[in-house]
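Below: the structure, in structure tokens.
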Amino acid sequence: MTKKVLQPKIVLIALSFIIAFQVFSFSYPFFADKQEIVYIDNARLLDNYQGMKDARQAFERKSMAWKANIDTLMSDVQVAIKNYEKESASLSKKEKQLSQELIKTKQKQLQNYQLAIQQQSAEEDARMTEEVLTKVNAFLTDYGKQNSYKVIMGANASGNIIYAQDGLDITDEVIEALNQHYIGG
């Protein structure tokens, strides 16, 4: 007899649990303040982040200075070649040899400078990008904690997020907050 009395109670408890679970799972989206897992479009974030824009402009100014130096060295080589071509008929064998060596030395200096600038440019670009990304990542960590996100994912062109429900992309709000943080200090 105790088995028959216990079975309806177990069924009633199980049924109550199932109903409560269904009510919670259907009503949770309506009462939840925000998503716990969100994502950011990495490219859009960096393209619209003022700190990255400023870093790119600073890098561009350095690149223009390097290019001006290369142009000056290239001009020096071209002038030396033109002078040699004009004067070669009137130069002695020894003077021709010295002029040719001077031109070769200037060409070598130009090549060395170009290689050094290429390397320096790549290193500077990598350093600048790393600095910006370090700041952005630190900001995103704080932003995630302040907004109670459990996970902030990064989307990129290679497709690490194929689909996401509307409302999970927080890129625009993060760009706004990040730029305010950058401008404010």
Side-chain angles (χ1 to χ4, degrees), residues 3-70 114-185:
K3 276 188 174 183
K4 288 184 180 181
V5 173
L6 287 178
Q7 281 183 344
K9 285 184 181 180
I10 291 173
V11 171
L12 187 59
I13 291 171
L15 189 57
S16 297
F17 177 74
I18 290 171
I19 291 171
F21 179 74
Q22 286 180 340
V23 168
F24 174 75
S25 60
F26 285 121
S27 64
Y28 178 75
F30 299 106
F31 297 111
D33 287 343
K34 61 174 50 190
Q35 300 293 331
E36 293 179 340
I37 298 175
V38 292
Y39 76 96
I40 293 170
D41 181 331
N42 294 334
R44 203 167 88 227
L45 176 71
L46 291 178
D47 285 344
N48 292 289
Y49 172 42
Q50 190 61 44
M52 181 58 100
K53 290 177 183 179
D54 290 349
R56 286 178 180 157
Q57 286 176 348
F59 180 76
E60 186 62 32
R61 284 190 298 273
K62 286 181 181 180
S63 293
M64 290 175 69
W66 294 329
K67 185 182 178 325
N69 290 342
I70 290 173
Q114 285 175 319
L115 289 173
I117 290 303
Q118 286 174 350
Q119 183 179 359
Q120 185 177 357
S121 176
E123 289 171 1
E124 181 72 18
D125 185 41
R127 185 193 58 74
M128 179 243 356
T129 302
E130 184 180 342
E131 283 179 10
V132 171
L133 290 178
T134 298
K135 290 176 184 176
V136 168
N137 288 337
F139 175 83
L140 288 174
T141 298
D142 291 342
Y143 189 84
K145 289 175 183 176
Q146 290 172 2
N147 289 282
S148 302
Y149 294 126
K150 288 188 177 181
V151 176
I152 298 178
M153 299 173 74
N156 59 34
S158 62
N160 59 352
I161 294 179
I162 304 299
Y163 167 79
Q165 181 181 14
D166 289 343
L168 297 180
D169 182 353
I170 61 167
T171 307
D172 291 334
E173 70 185 63
V174 169
I175 290 170
E176 184 178 329
L178 186 59
N179 283 331
Q180 286 175 357
H181 177 75
Y182 176 75
I183 292 168

Problem - Residues forming a side chain to side chain contact (heavy atoms under 4.5 Å, CB included) with Glu123, sequence neighbours excluded - result: Gln119

Practice task
Enumerate the residue pairs fulfilling ring pair (Phe, Tyr, Trp, His ring centres under 6.0 Å) with a member in residues 36-58, sequence neighbours excluded, ordered by first and then second residue.
Solution key: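 Listed once each, the pairs are Tyr49-Tyr182.
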
Practice task
For atom NZ of Lys53, decide whether the heavy atoms of other residues, nucleotides or ligands shown that lie under 6.0 angstrom number more than 12.
Solution key: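 Counting other residues, nucleotides and ligands, NZ of Lys53 exceeds 12 neighbours.
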
Practice task
Would you mind telling me which of Asp41, Ile40, Asp47 makes a side chain to side chain contact (heavy atoms under 4.5 Å, CB included) with Arg44?
Solution key: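 It is Asp41; the other options fail the test.
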
Show every donor-acceptor pair shorter than 3.5 Å between a side-chain atom in residues 58-66 and any protein atom, with sequence neighbours excluded, or say none if there are none.
| from | atom 1 | to | atom 2 | distance (Å) |
| --- | --- | --- | --- | --- |
| Lys62 | NZ | Glu124 | OE2 | 2.7 |
| Ser63 | OG | Phe59 | O | 3.1 |

Does [Y] offer a backbone N or O that forms a donor-acceptor pair with the side chain of [X] under 3.5 Å?
X	Y	value
Asn179	Asn48	yes
Asn156	Asn42	no
Asp169	Thr171	yes

Exercise for the section: Step by step, work out the side-chain contact (heavy atoms from CB on, under 4.5 Å) result for Lys67 and Ile70. Expected result: CA-CA 5 Å; Lys67 185 182 178 325; Ile70 290 173; 5.5 Å; no

Problem - Smallest separation among heavy atoms of Met128 and Arg56, with atom names - result: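 Heavy-atom minimum between the residues: SD-N, 3.9 Å.
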
Handout entry: Closest heavy-atom pair and its distance - Val132, Ala55
Key =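 That would be CG2-CB, 3.9 Å.
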
Handout entry: Residues Glu131, Arg127: salt bridge by 4.0 Å N-O rule
Key = yes

Handout entry: Pairwise distance CG(Asp172) to CG(Leu45) - rounded to 0.5 angstrom
Key =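 Here the interatomic distance stands at 10.0 Å.
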
Practice task
Compare all side-chain heavy atoms of Ile117 with those of Gln114 and state whether any distance is below 4.5 angstrom.
Solution key: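 No - every pair of side-chain heavy atoms lies 4.5 Å or more apart.
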
Practice task
Report the residues that fulfil side-chain hydrogen bond (donor to acceptor under 3.5 Å, both in side chains) with Glu176, sequence neighbours left out, ordered by chain and then residue number.
Solution key: none

Exercise for the section: Kindly write out the residues that satisfy side-chain hydrogen bond (donor to acceptor under 3.5 Å, both in side chains) with Asp125, not counting sequence neighbours, or none if the list is empty. Expected result: none

Going by atom type alone, with no hydrogens or angles, which donor-acceptor pairs under 3.5 Å involve a side-chain atom of residues 136-145 and a protein atom two or more places apart or on another chain?
| from | atom 1 | to | atom 2 | distance (Å) |
| --- | --- | --- | --- | --- |
| Asn137 | ND2 | Leu133 | O | 3.2 |
| Thr141 | OG1 | Asn137 | O | 3.0 |
| Tyr143 | OH | Glu173 | OE2 | 2.7 |

